[in-house]
Every structure is written in C-alpha cells, then in structure tokens.
Amino acid sequence: MLEERLFEHMLDRKFILENAELVKRNCLNRGAKVDVDRFVALEEQRKKLQQEVEELNRKANVTSKSIGQAKDPAEREARKEEGRRLREETQKAQAEVDALVEQIAAVQRLIPNLSHPEAPVGGDDTANLELARGKTAVPEFDFEPLDHVELMEKLDLVDFEAGAKVAGHGFYFLKNDAVLLELALQQYAVQTLLREGFTPITTPDLARNEVLEGIGFIPRGPETQIYSVENTDLSLVATAEITLGGMLADTILDAEQLPLKFCGISHCFRTEAGAHGRAARGLYRVHQFTKIEMFAFTLPEESEAMLERLRGLECQLFDGLGVPYRVVDTATGDLGGPAYRKYDLEAWMPGRGEFGEVTSTSNCTDYQARRLNIRYRTKGEKGTRFLHTLNGTAIAISRALIAVLENFQQADGSVVIPEVLRPWVGKEKIG
RNA sequence: GGAUGGGUGGCCGAGUGGUCUAAGGCGGCAGUCUUGAAAACUGCUGUGGGCGUUCGCUCACCGGGGGUUCGAAUCCCUCCCCAUCCGCCA
C-alpha cells in the first residue's frame with residue numbers, strides 16, 4: 001500500500017513536499033547536492049500565489065462574460081475597464097509565479113529518482129555489490145594473452161590510425177572478420193530477443209534535446225557526454241534508450257497493451273569528455289559504436305520483475321557467447337539520475353586482467369515517463385497514471401568485441417569464433 | 001530546397017471573436033430489453049491542477065511560443081510537425 005503511493009507520486013512536487021526527509025536522505029545516498037528545504041519553501045510559496053492567480057482569473061472571466069450581455073454602452077465600458085484592471089493584476093501575479101516555477105524547476109531537475117531499498121548504499125562504483133558470476137569460468141592461458149588492440153592489429157581487424165585521421169581520436173574502422181563479427185553479434189542479439197517477444201526497431205541516431213532531457217541526459221551541460229548538432233535542437237544519441245523512450249512521448253496507452261518490449265538498433269555517440277587516459281585503450285572507450293538495446297514500458301507493479309527479466313536476458317546472451325562475467329548491483333552513488341535500480345554485467349577482459357562493463361540494465365520507474373509524459377489508462381478506472389520504463393544493453397558491439405576476442409584468443413594468435421556466432425560469421429576461426 | 005493544404009478530446013471530425021458548459025460520430029462504460037449474447041433504445045464518458053465533509057465549485061489546456069482584445073480553437077507574428085505535388089538524392 002505504502003509502496004503503491006510512493007510510486008504514484010514519485011518525485012512530483014507533491015511527493016517531494018510530503019516526503020522531504022526521505023528525498024533528502026536519498027539525495028545524500030546518491031551524492032546529489034540538492035537544497036530540498038529551499039525547494040519546499042519555494043513550492044509552498046508558489047502554491048499560495050497560484051491560487052491567487054486562479055482567483056483573479058475567475059473574476060476576470062466572469063467580467064468578460066458579462067460584457068457580451070450588457071446592453072447599456074456606459075455599463076459595457078465600465079465593465080471593460082474592470083476587466084482590464086483584473087487582467088493586468090493577473091499578469092503581474094502570474095509573472096511572479098513563473099519566476100518561482102523557474103527556480104523550483106532548477107532545483108527539481110537535480111533531484112534523482114528514489115532508490116530501491118536493497119540497492120547498496122555507497123558513494124561510487126567501489127560500493128557496487130557482486131551478485132553472481134556467469135556460467136563460463138575465467139580462462140587460464142598457458143601463454144601471455146594479448147589485449148584486443150594487439151590482437152586486432154595482428155589480424156587486420158581494425159584501423160585506429162585511419163579513424164583518428166578521419167574523425168579524430170576515439171574513432172576507428174572495423175575491417176574484415178571484425179565486420180562479420182559485428183553483424184553476427186547484432187543478429188545473435190536480435191534473434192534471441194525476437195524469440196522473447198521483443199519488437200525489433202531501428203531508431204534515429206539523432207534526437208531532439210527535449211527528448212534527451214526527458215530520458216535524463218543534459219545535452220548542453222558542462223560535463224555532457226552528448227554531441228550537439230550546431231544550429232539545431234538535435235543531438236547525436238548516446239544510446240537507443242533515448243529514441244525508444246522518446247518514441248512514446250506524450251502517449252496514453254491502455255493497460256492491456258503493457259508491457260511493450262522493444263529491441264532497438266542504433267549507433268551511440270559519446271564525447272567521453274574528461275575520460276581520457278584511464279581504460280581508454282582501443283575499443284573500450286570510443287566515441288561511436290553500435291548497440292542493440294532492450295527497452296520496456298510496463299505497469300508500475302511489473303517493473304521490478306521486468307528488471308530481473310532484462311538482467312536474465314543479458315546473462316543468457318553472454319553465457320551463450322561463452323564469455324565469463326560477473327553481475328553487479330550498482331551502488332546508490334553510481335546510479336545516475338533516472339535509475340531506481342541498476343545491474344551491470346562486467347565481462348572478464350584478459351588483456352586488462354580485470355572485469356569491464358559490457359551491459360547495464362536499469363529500472364527507471366516513472367522518472368522518465370513523468371518527464372516524457374507517457375501514461376496508461378486502466379479500464380473502469382478514472383484518469384491515467386505514469387507507466388514505468390526500463391532499459392538494458394543486449395549487446396554493445398565495441399565492448400562485446402573486446403570480450404570475445406580477448407577470451408577466445410589462442411596461443412598462435414588466432415581467435416576462435418563462439419559457436420553461436422558461426423552461422424553468421426561463416427567460419428570457426430579468425431587467423 | 002520550392003508550392004499548396006493541414007495540425008481540435010482515446011480515435012474520426014464540425015467549429016473564422018462573446019448565449020456557463022467544443023456540434024456530431026466512433027469507441028468505451030452503465031441501464032432497458034433478452035434464457036444468454038448481439039442488435040436496438042436511453043444515459044454517462046477528455047487531461048492535469050486547486051478548493052470543499054458526499055452532491056460539488058473553480059483554474060488551465062484546441063501542435064509549441066509570443067501578440068491583439070474586457071474576451072481567442074477562431075485574428076496577427078513566429079517556430080515545429082504532418083500530408084500531397086515538384087526538384088534534388090542513397
């Protein structure tokens with residue numbers, strides 16, 4: 001019961017007002033510096049002023065309506081004057097409200113989603129909690145394993161120099177069997193999800209900034225990860241999550257239609273501002289890659305089960321590939337703005353000798369739905385409610401390539417193709 | 001890129017300055033009838049907010065923003081989107 005109420009008003013102004021302490025604690029856990037008290041004070045002031053505006057509006061409406069009926073010209077003039085006075089007053093009060101709303105929104109934008117009670121509390125990724133390991137054991141090599149950059153260059157699978165020449169550092173050309181591998185990984189992911197009832201979709205690679213903001217990105221912020229297109233309100237998408245969520249913006253669905261599950265294929269563009277140096281070698285942190293993304297719209301009471309399902313699918317995909325990985329429950333400080341709970345899959349990367357993130361799945365509850373105005377209607381019930389959105393990586397090509405190549409490398413420098421990919425690659429081995 | 005026509009409630013669609021309520025239809029819900037269902041008939045039926053002890057009252061919303069006016073779906077400006085045709089093009 002309590003939880004249901006929680007979802008219903010999550011992070012709208014009323015909820016924040018009525019649960020200021022809870023919101024404050026959550027901001028602290030997430031490392032979000034937000035002045036919740038100021039929000040409450042401003043919002044209370046706004047509510048009072050808003051009521052005054054509405055009362056003035058009501059009076060002005062009454063006056064206006066009476067003019068059409070007044071016969072006497074002098075009487076009409078007098079009422080017009082009264083109307084003018086009222087409208088002027090309204091405008092003044094409204095301007096005050098607008099100014100308040102702007103200040104309130106500025107604070108509100110900084111407030112992250114609530115957090116799942118079981119999500120590990122902590123400031124950053126060092127507080128993340130390992131939940132499980134994949135079916136495949138971390139490989140023991142009887143030789144010194146190469147990292148994917150060395151492997152790919154030896155096998156003529158990539159051209160980083162040409163990428164840098166054409167588009168700058170962080171861009172690359174895939175070549176030869178790497179291209180077949182990319183296509184195979186796409187097929188493998190899409191075919192798997194098709195069997196699970198997902199609707200395959202290719203999406204635009206650009207989106208309006210409004211949509212980016214609805215999903216929770218800040219396109220023109222100082223630390224943005226987003227490429228903006230000059231002289232437009234468009235940005236290159238950092239993930240198909242943006243376009244898939246935006247696809248249903250301003251939509252009211254019937255409850256029976258839910259859940260909707262999409263499997264989107266798009267390119268992803270990231271500036272990676274300030275991320276140079278650390279783990280930046282090769283394909284790990286690049287400005288462009290292809291990604292197969294899962295996205296689900298669900299009823300509020302079904303989103304937690306859906307998150308487990310998306311995580312299960314990610315495990316299934318990487319178990320199927322034969323790539324060793326661990327599942328991590330993301331700590332509150334590392335959740336970002338929209339996620340209520342997030343699991344990452346981290347694949348073993350022999351070249352680095354450590355685990356590296358390859359997928360991420362989040363339950364964003366109604367945080368994105370509220371900002372994008374995506375609701376549902378239940379038969380026989382009055383009104384509408386915000387639905388829940390979830391996203392999860394099926395396969396991010398660049399990082400999946402690292403994991404596959406590094407784990408399947410042989411002593412002679414060749415790479416065995418995972419069995420599930422062979423139908424599309426058309427061979428058993430590269431090199 | 002050029003031309004033209006459009007954007008109205010869950011959907012379709014009327015509405016070019018003022019009768020309190022955005023016509024009508026479809027869909028949906030309820031009722032009558034029926035053994036049950038369908039059909040027919042009758043009634044109800046937009047979203048969000050505020051106030052009020054049930055009934056209710058009220059504000060905003062006709063693609064977005066701005067303007068004219070006492071009063072705008074309607075007039076003006078601007079932007080966006082959609083359709084059709086032409087041009088260009090993978």
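Chain naming here is simple, since letters A, B, ... match the order of the sequence lines and numbering starts at 1 in each.
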Side chains of Asn113(A) and Thr365(A): donor-acceptor distance under 3.5 Å anywhere? yes
Pull out every residue in residues 86-98 of chain A that has a heavy atom closer than 4.0 Å to any atom of RNA chain B, ordered by number, or say none. Arg87(A)
Assuming nearest nucleotide by heavy-atom distance, tell me which of Lys80(A) and Thr384(A) is located more 5' along RNA chain B. Thr384(A)
Under 3.5 Å side-chain donor-acceptor pair for Thr192(A) and Gln316(A): no
Evaluate the side-chain proximity of Phe160(A) to Glu153(A): yes if any heavy-atom separation is below 4.5 Å, no if none is. yes
Closest to the side chain of Glu54(A), out of rG50(B), rU69(B), rG18(B), is rG50(B)
Measure from NZ or CZ of Arg399(A) to the centre of the six-membered ring of Tyr284(A) and say whether it is under 6.0 Å with the direction within 45° of the ring axis. yes
Could you tell me which nucleotide pairs with rA3(B) by Watson-Crick or G-U wobble geometry, both distances under 3.5 Å, or answer none if nothing does? rU84(B)
By ring pair (Phe, Tyr, Trp, His ring centres under 6.0 Å), His267(A) pairs with (sequence neighbours left out) none
Specify the residue among Glu81(A) and Asn61(A) whose closest nucleotide of RNA chain B lies further upstream toward the 5′ end. Asn61(A)
Which nucleotide sits closest to the side chain of Asn57(A): rA60(B), rU47(B), rC70(B)? rA60(B)
Which of Gln108(A), Arg38(A), Gln45(A), Glu43(A) passes side-chain hydrogen bond (donor to acceptor under 3.5 Å, both in side chains) with Gln103(A)? Answer is Arg38(A)
For the base of rG49(B), is there a side-chain donor-acceptor partner from Gln50(A) under 3.5 Å away? no
